[in-house]
Amino acid sequence: MKLDSKIPEGHISQKWTDYKDHLKLVAPNNRPKIDIIVVGTGLAGASAAASFGEMGYNVKAFCFQDSPRRAHSIAAQGGINAAKNYQNDGDSIFRLFYDTIKGGDYRAREANVHRLAEVSGNIIDQCVAQGVPFARDYGGLLDNRSFGGTQVQRTFYAAGQTGQQLLLGAYSALSRQIGLGRVKMFNRHEMLDLVKVDGKARGIIARNLITGELERHSAHAVVIASGGYGNVYFLSTNAMGSNVSAGWKVHKQGALFANPCFVQIHPTCIPVHGTNQAKLTLMSESLRNSGRIWVPKKKEDAEAIRAGKLKPTQIAEEDRDYYLERKYPSFGNLAPRDISSRAAKEVCDAGHGIESNDTNEGVYLDFSTEIQNKGKQAAYANGNHNPSADEITALGKQWLKEKYGNLFTMYQKITDENPYETPMKIYPAVHYTMGGVWVDYNLQSTIPGCFVAGEANFSDHGANRLGASALMQGLADGYFVLPYTVSNYLADEIRTGKISTETQEFIDAENRVKDSIDKFLNNKGSKSVDHFHKRLGLIMWNKVGMGRNEAGLKEAIAEITALKEEFYKEVNVPGSANEFNPQLEKALRVADFIDLGQLMAMDALQRNESCGGHFREEYQDSEGETLRDDKNFSFVGAWEYKGNDISQEVLHKEELKYEFIKIAARNYK
């Protein structure tokens, strides 16, 4: 199979503009003749469905939640990037493009990333027009803050709930189209298979999660916008329902799955508390604008803190190791996520962790310096040039509350500790997946008519995503890319007519789904679905997590193979198919996670280098930084499904060519 990325010719700054000018169009009078299915209604899916509806297409949108407003996009807290240079600090489209390529450790496709940077400014204009309440400065202009991996302020935000506000904007646009009858919304439905007719994506099999009924839905094109696969690790910052099934079903039907081993570990999460925990909580990266990250320099101090004999506020300044500021002085606490996460693991592995959990893993995110700095500024602004210590502290806390109040409240409710008084405890956790279904420049998979958007595809972030770029990519794909590229594909479909769901292809697909459901319900094993999911998660975290090595990856592959065999023999799924059955939903999803987990380990094993979130312990420099191999591994690794035995999957390579950026060692020091 030869991978054709369909990257247009020309200068990087003109590729997308020239390409758009020559795409085929569908006339407005022909659009009502064409059906589009959109699976997933987060930022990418909701914006795509709303856009297609506005254009006049017939759209069917599917989400497994009770409302599109429940999509995991709402959990994004810190902000959305855009190259508007409002701060006049040197930002530009090229700078955002460069930061994204560098942040991804030179493993992203150049043309896609530049397009993302180009349309980023349009996203902000679109969202402001929708009424998204972005933060504003004293003069009423949109405010910005910094995120990891950049030296400019380009992140637009709405307090600590940016994702929620952006999704409400997209949802309002989607709701308008639902009200006009152009979008038909299928809540509490889950896609369980893709239907191909004559090699083209022509529909899906969906299960009504309330009644259990299987439904056939046809369309001229299918868009998958179902998010990432972080829950393969069981514990992650993802919503507990987040899964890979839509993308994996597409993969099993012939779409290649690219770079599955590229997983982002977010450095700023609340540490694991115990073995019965079901998910982890993200504390926004925006907090790293104001917080300083440290651990005790002395192991005995860390041990005393873990034993409850010492409080962090009792550790003198000279006895604190602000390790990010020490190791990466140019970026400090805003070093990229993968680097910051590994640095936290390094100090905890050395015995300096401060959390009293099974692994003693945790570091501090401390706001005391910011409280003093902002308190003094606020006092001066109020005309008080000789404020008392108490006045400074009170004003500083008030400043933090206005900036991050909802995040501090959330932390206190979870931990019962006041982060205004005591430093937050944080530790890295699985957050975002850069890998996903392989797509070309049109965001089309290797299945004609099957497009993949947002986190579900692989295209824009390389081996590590910069903070505040997930929301950017989702809305860029949905509002400003897919309306052009899907229309180009559909221009050849205006004479196709309505696609019947009574064909053999739909019957066969529905029978495949029925068979898999029946096998689980008739299995009568002795162990729960969660039992297997937790075991998979431990294998993945310990051997395909922040640190990887050849021996561990080979062990992971063997252990997952054995786990899969045991899963199908011993899993117990109670209830029936024709009812609301959350355990059946879980079983179908965990089956896909097990297969994907093995592929992730295989992908990590073949990539004999360290880059971004993929850290092979054998490949690091003398200072413990990633050691890329650009000669042998400057490619996208795209895997082809070859049946139930995942070890038989075939690797295809898309060479990454950098014409407009100079590849260099990634240095944040």
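This is a predicted model, so every value here is computed, not measured. Counting from 1, the numbers follow the sequence of the chain as shown.
Ring pair F633/F635 is tilted by interplanar angle, where 30° to 60° counts as tilted. In this structure, H533 and F593 have parallel ring planes: the angle between them is below the 30° cut-off, well short of the 60° mark.
Between the side chain of R115 and the backbone N or O of Y441 there is at least one donor-acceptor pair closer than 3.5 Å. Remark: side-chain polar atoms of N81 are not paired, donor with acceptor, to backbone N or O of M472 under 3.5 angstrom. The closest donor-acceptor contact from the side chain of T433 to the backbone of Y229 lies under 3.5 Å. Looking only at distances, no side-chain donor or acceptor of D592 sits under 3.5 Å from a matching main-chain atom of V244. A donor-acceptor contact shorter than 3.5 Å links the side chain of Y233 to the backbone of V544. No donor-acceptor pair closer than 3.5 Å links the side chain of N549 to the backbone N or O of R616. The backbone N or O of N259 lies less than 3.5 Å from no partner atom in the side chain of R107, so there is not a single donor-acceptor pair. Of the possible donor and acceptor atoms, one in the side chain of H614 sits under 3.5 Å from a partner among the backbone N and O of E609. N289 contributes a side-chain N or O that, together with a main-chain N or O of S146, makes up a donor-acceptor pair within less than 3.5 Å. Using modelled atom types, one side-chain atom of E110 and one backbone atom of I661 make a donor-acceptor pair closer than 3.5 Å.
Side-chain contact of T626 with R342: a donor-acceptor pair under 3.5 Å is absent, judged by distance alone. A donor and an acceptor atom, one from each side chain of Q598 and S647, are nowhere located under 3.5 Å apart. Side chains of Q264 and N464: a donor on one and an acceptor on the other come within 3.5 Å. One side chain, Y404 or S290, offers a donor N or O that lies under 3.5 Å from an acceptor on the other. Using a 3.5 Å distance cut-off with no hydrogens or angles, the side chains of H431 and E285 do not pair a donor with an acceptor. Of the N and O atoms on the side chains of Q473 and N457, at least one donor lies less than 3.5 Å from an acceptor on the other residue.
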Item to complete: Quick one: do K252 and D595 satisfy salt bridge (charged side-chain N to carboxylate O under 4.0 Å, His left out)? Show the steps, please.
Response: CA-CA 11 Å; K252 291 174 75 171; D595 282 347; 5.2 Å; no
Worksheet entry | Derivation of the side-chain contact (heavy atoms from CB on, under 4.5 Å) call for V232 and V263 | CA-CA 11 Å; V232 70; V263 175; over 6 Å; no
Practice prompt. Check step by step if side-chain contact (heavy atoms from CB on, under 4.5 Å) holds for N333 and E325.
Written response: CA-CA 6 Å; N333 296 295; E325 298 173 30; 2.8 Å; yes
Practice prompt. Start with the C-alpha gap between N112 and L116, add the side-chain angles, then the distance that decides, and say whether side-chain contact (heavy atoms from CB on, under 4.5 Å) holds.
Written response: CA-CA 6 Å; N112 287 64; L116 178 64; over 6 Å; no
Practice prompt. Given side-chain contact (heavy atoms from CB on, under 4.5 Å), test S330 with Y668 step by step and report yes or no.
Written response: CA-CA 6 Å; S330 293; Y668 291 94; over 6 Å; no
Worksheet item: Given Y432 and H461, is the ring-ring contact (aromatic ring centres under 6.0 Å, His included) satisfied, shown in steps?
Response: CA-CA 10 Å; Y432 187 90; H461 305 296; 5.6 Å; yes
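Listed here is the closest heavy atom pair of D630 and S634: O-CB, 3.3 Å. The nearest pair of heavy atoms linking T41 to C63 is OG1-CB, 3.2 Å. Closest approach of G241 to F64, counting heavy atoms only: O-CZ, 3.2 Å. In this structure, A46 and A170 approach most closely via the heavy-atom pair CB-CB, 4.0 Å. A pairwise comparison of heavy atoms in G149 and L466 identifies CA-CD2, 4.0 Å as the closest pair. The minimum heavy-atom distance linking I12 with F97 is given by the pair CG1-CZ, 4.4 Å.
A salt bridge links E640 with K642: the distance from a Lys NZ or Arg NE/NH1/NH2 to an Asp or Glu carboxylate oxygen falls below 4.0 Å. Under a 4.0 Å N-O distance rule, the pair D349/K345 qualifies as a salt bridge. In this structure, R109 pairs ionically with E654, as a charged nitrogen and a carboxylate oxygen lie closer than 4.0 Å. A salt bridge links R320 and D366; the closest N-O separation between the charged side-chain nitrogens and carboxylate oxygens is under 4.0 Å.
If you look at F257 and W639, their ring centroids are not closer than 6.0 Å.
Checking R465, R607, R628 one by one against D105, the salt bridge (Lys or Arg N to Asp or Glu O under 4.0 Å) holds for a single residue, R628.
Residues satisfying the side-chain hydrogen bond (donor to acceptor under 3.5 Å, both in side chains) criterion with R535, sequence neighbours excluded, are H531, E566. Partners of Q277 by side-chain hydrogen bond (donor to acceptor under 3.5 Å, both in side chains), not counting sequence neighbours: none found.
Contact check for T100 versus D460: no side-chain heavy atoms found under the 4.5 Å cut-off. Taking the side chain as every heavy atom from C-beta outward, E625 and K669 approach each other to under 4.5 Å. With contacts defined as side-chain heavy-atom distances shorter than 4.5 Å, the pair F234/L536 does not qualify. Contact check for F451 versus D477: no side-chain heavy atoms found under the 4.5 Å cut-off. Looking only at side-chain heavy atoms (C-beta outward), R666 and D338 come within less than 4.5 Å of each other.
Shown here is K657, whose NZ atom has no more than 12 heavy atoms of other residues, nucleotides or ligands within 6.0 Å.
The cationic group of K586 does not satisfy the cation-pi geometry with F532, failing either the under 6.0 Å distance to the six-membered ring centre or the 45° limit from the ring axis.
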